[in-house]
Amino acid sequence: MQQRAYYVTTPIYYISGNPHIGHVYTTVVADVLARTARTAGPAFFLTGTDEHGQKVANAATAAGKLPQEWCDDLVPRWQSLFAAYHVAYDDFIRTTQPRHERVVQRVFETLRERGDVYLGTYEGWYCVFDETFWLESKLAGGKCPTCGREVQWISEDDWFFALSKYGPRLLEYFRAHPDWVRPKSVYNEMMALLEEGVEDFSISRTNFDWGIPIPGGSGVIYVWFDALLNYISAIGWSVDDDRFHAYWPAAVQLVGKEIARFHTIIWPAVLWAIGEAPPELVFAHGWITVEGQKIGKSLGNAVDPFALADRFGADSLRYFLLREAPFGSDFSYSEEKIAQRHNNDLGNDLGNLAHRTLSMLQRYREGVVPAPGATPVLARFAELPQHMRTAIFDLRFRDALESAWDLVTTLNRAVEERKPWALHKEERGAELDAFLYELCEGLRRLAILLHPFMPERMQELWRRLGIGETRIDDAWESAFARPLAPGTHTILGDPLFPRLDLVGK
RNA sequence: GGCUCGGUAGCUCAGCGGUAGAGCAGGGGACUCAUAAGCCCUUGGUCGUAGGUUCGAGUCCUACCCGAGCCA
């Protein structure tokens, strides 16, 4: 009996434009979860791109390209962005891939056979930009209530998904699983929607053709219906049942709050309709804002995430996002805040602890790890791995990092108390050995525990500790049980997190 | 118009019935291994407003104000 993998997904990103820091945020969160999970067992991390729909087709046309060319040109930009932020996904799905299109069509056919997808007539207002139908009563001054653009009156035969049939079951499921949608505010809002009642909705489009064809019919499948299925097409639904069930249901699906509705109401209903279970947790995070304003090209406040990585270091950004943002709420970021976190937490606390330790080791012991003695500080932090793991899987990243920083601060205090320079002067060699050893082992443990958050810098710390040839991402308990070997040759090197001078105002 | 979440020190937030907390920023100090970093001490809040429940309320209830959001 194989242990089911920890399956984590990000939304697939709609490539009608360029990626921004918000995409980095979601993806880095998923990466931290996956990296942590991998230290304890199998895990699978999926991200990708959502490539169909009229907006993509329009963007391609505007650029003088075919939709597929447009997508093919843009995808590498997303992939290189994630690489720049040290994101290690297991799979990157594109909704234009045959493996996905086959599954979408199969789901459509399955639902049609069951009667959960049926042919009906739709007549009403339609917003091309949002690819959404609107009731007359919802229009704002005759225009689309969400984007403010002109709407068109259309009348067409469409395929409908029988969502209303699942309304009672959804309500029941929500009541029985009060924690399955987080944060609570989003759960409450979705619950309110369910209590009002849900309606069948159209899942086909006939006024353009950039999408997955309706099997045995005309028109294409609605992009949202198509997109949701990426989470199961990537892991082999209906193609490889063993593989599929090794991953599904997902441990956590991360979404932005604006798409919570698709993932917590429509998605479980579709899954039930094909005989599968809903994910264990859907977490809707907030938006990253700049001075309270949502990031967007149109607002002109989009920051190039490549430039941010260059300027502050990708791992500093990762740390900043997970340490500073209250996960689940909107979060106003500024470069000044990034620089503060970098300098204070990473440079002064952690980086300096590493540097002063390795420097003393160099000065007093020629860089060689001495014989161990008592490690009273580390003994007090025996519960740290368990504590951090619990916080991380509960998506309380701030708590996890704060508890790691307790150890950093305690070690810095211990240096002031033990005064290794005095021990050296007074030739109390055994005491100095024991203490230097404890500092090195403490750094080793920090490197292990912080590796999911800052993979590149912690790997470098690992190398400085002279153990670069060994794995940093083994199971935490066993890694703690095999402490640093005396005689290991360490490397001082330059500061891990060099202080940044005043950041522009 | 209905609903949800939030409003606690200059800033970011924790506390959710029992003498107001952390980090950063500000002020002072002793040290020197270190990225003028680290360490110690310290200034600072009538916990959005007004009522209510309670022996006792940021902490529960009601109304209102402000911000964000969901639905109409």
Side-chain angles (χ1 to χ4, degrees), chain A residues 134-140 145-146 181-199 256-261 264-265 284-289 291-294 313 316 320-321 323-334 336-365 367 391 396-399 401-406 408-425 432 435-436 439-440 443 457 464 492-501:
Chain A
W134 294 109
L135 293 173
E136 176 106 28
S137 61
K138 288 196 189 178
L139 296 180
T146 58
V181 177
R182 289 172 53 200
K184 200 72 192 167
S185 53
V186 173
Y187 171 91
N188 289 341
E189 284 177 357
M190 294 305 119
M191 194 64 175
L193 286 177
L194 287 173
E195 280 166 349
E196 281 172 24
V198 290
E199 292 179 355
K257 62 184 183 181
E258 74 283 6
I259 55 174
R261 177 182 198 163
T264 63
I265 294 179
H285 65 252
W287 293 319
I288 296 184
T289 61
E291 324 238 323
Q293 285 211 301
K294 198 185 169 188
S316 289
F320 168 76
L321 290 171
R323 172 62 182 79
E324 183 95 6
F327 197 56
S329 319
D330 285 357
F331 164 61
S332 178
Y333 107 124
S334 72
E336 194 183 341
K337 285 185 191 170
I338 300 171
Q340 261 179 21
R341 283 292 175 195
H342 174 93
N343 282 343
N344 291 327
D345 297 7
L346 298 176
N348 298 350
D349 294 344
L350 176 61
N352 188 234
L353 174 65
H355 203 248
R356 71 197 305 202
T357 296
L358 293 173
S359 172
M360 285 188 281
L361 198 62
Q362 191 64 50
R363 181 183 288 240
Y364 304 139
R365 292 292 182 264
R396 291 180 289 109
F397 303 106
R398 183 198 296 250
D399 286 357
L401 288 168
E402 278 178 354
S403 65
W405 251 253
D406 261 356
V408 173
T409 301
T410 305
L411 288 172
N412 270 323
R413 279 192 192 126
V415 173
E416 306 296 334
E417 282 165 21
R418 301 301 304 281
K419 300 184 180 24
W421 49 93
L423 294 177
H424 179 254
K425 211 173 285 178
L432 181 57
F435 185 62
L436 290 176
L439 289 178
C440 291
L443 286 174
R457 288 286 81 189
R464 302 281 179 89
L492 177 55
D494 294 333
L496 285 172
F497 300 97
R499 279 183 64 87
L500 296 164
D501 281 329

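Just so we're on the same page: letters track the sequence lines, and every chain starts at 1.
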Tell me the interatomic distance from [X], atom [atom1], to [N], atom [atom2], rounded to whole angstroms.
X         : N      : atom1 : atom2 : answer
Phe435(A) : G38(B) : CZ    : P     : 16 Å
Arg323(A) : C24(B) : CZ    : P     : 10 Å
Asn344(A) : G38(B) : CG    : P     : 7 Å
Asp399(A) : A22(B) : CG    : C1'   : 12 Å
Glu336(A) : U12(B) : CD    : C1'   : 12 Å
Asn343(A) : C24(B) : CG    : P     : 13 Å
Leu361(A) : A34(B) : CG    : C1'   : 14 Å
Asp406(A) : G21(B) : CG    : P     : 18 Å

Glycosidic torsion of G45(B) (syn if within 90° of 0, anti otherwise) classifies it as anti
Please measure how far the [atom1] atom in [N] lies from the corresponding atom in [M], and state the result in whole Å.
N      : M      : atom1 : answer
G48(B) : C66(B) : P     : 16 Å
G1(B)  : A20(B) : C1'   : 39 Å
U4(B)  : C64(B) : P     : 13 Å
G10(B) : G27(B) : C1'   : 14 Å
G45(B) : U32(B) : P     : 37 Å
G7(B)  : A50(B) : C1'   : 16 Å
U8(B)  : C13(B) : C1'   : 9 Å
C24(B) : C33(B) : P     : 24 Å

[N] OP1/OP2 closer than 4.0 Å to side-chain N/O of [X]:
X         : N      : answer
Arg261(A) : C71(B) : yes
Asn348(A) : G38(B) : yes
Arg413(A) : C40(B) : yes
Asn188(A) : C5(B)  : yes

Side chain of [X] (C-beta onward), nearest among [options]:
X         : options                : result
Arg499(A) : A34(B), C31(B), A37(B) : A37(B)
Asn412(A) : U32(B), C13(B), C39(B) : C39(B)
Val415(A) : U12(B), C33(B), U35(B) : C33(B)
Thr409(A) : C39(B), U12(B), C5(B)  : C39(B)
Glu416(A) : C39(B), U35(B), U12(B) : C39(B)
Arg363(A) : C33(B), U35(B), C71(B) : C33(B)
Arg356(A) : A34(B), C39(B), U4(B)  : A34(B)
Lys257(A) : G69(B), C71(B), U35(B) : G69(B)

May I ask you to say what [X] touches in the nucleic acid, namely base, sugar-phosphate or nothing, with a heavy-atom cut-off under 4.0 Å?
X         : value
Glu417(A) : nothing
Phe497(A) : base
Leu193(A) : sugar-phosphate
Asp494(A) : nothing

Is [X] reaching over with its side chain to a backbone N or O of [Y], donor-acceptor style, under 3.5 angstrom?
X         : Y         : answer
Asp349(A) : Thr409(A) : no
Arg457(A) : Phe497(A) : no
Arg398(A) : Glu324(A) : yes
Arg418(A) : Leu432(A) : no

Contacts of Asp399(A) meeting side chain to side chain donor-acceptor pair (under 3.5 Å) (sequence neighbours excluded), chain-then-number -> Arg396(A)
Those residues at least two apart in sequence (or on a different chain) that pass side chain to side chain donor-acceptor pair (under 3.5 Å) with Asn412(A) are Arg356(A)
Is there a side-chain contact between Leu439(A) and Met360(A), using heavy atoms and a 4.5 Å cut-off?
yes
Contacts of Glu196(A) and Pro498(A) projected onto RNA chain B by closest heavy atom; the upstream (5') one is Pro498(A)
Whichever of Gly351(A) and Asp345(A) has the more 5' nearest nucleotide on RNA chain B, that residue is Asp345(A)
Checklist entry - Quick one: does Glu189(A) reach the base of G69(B) with a side-chain donor-acceptor pair under 3.5 Å? => result yes
Pairs under 3.5 Å (Watson-Crick or G-U), crossing ones as [ ], inter-strand ones as |: RNA chain B comes out as ((((((((.[[[[.)..(..]]]].((((.........)))).....[[[[[..)....]]]]]))))))).
TODO: Give a yes or no on this: more than 12 heavy atoms of other residues, nucleotides or ligands lie within 6.0 Å of atom CD of Glu199(A).
DONE: no
Tested for side-chain hydrogen bond (donor to acceptor under 3.5 Å, both in side chains) against Arg499(A), the lone hit among Asn352(A), Asn344(A), Asn348(A) is Asn348(A)
When rounded to the nearest 0.5 Å, the distance separating CG of Leu492(A) from OG1 of Thr357(A) is 10.5 Å
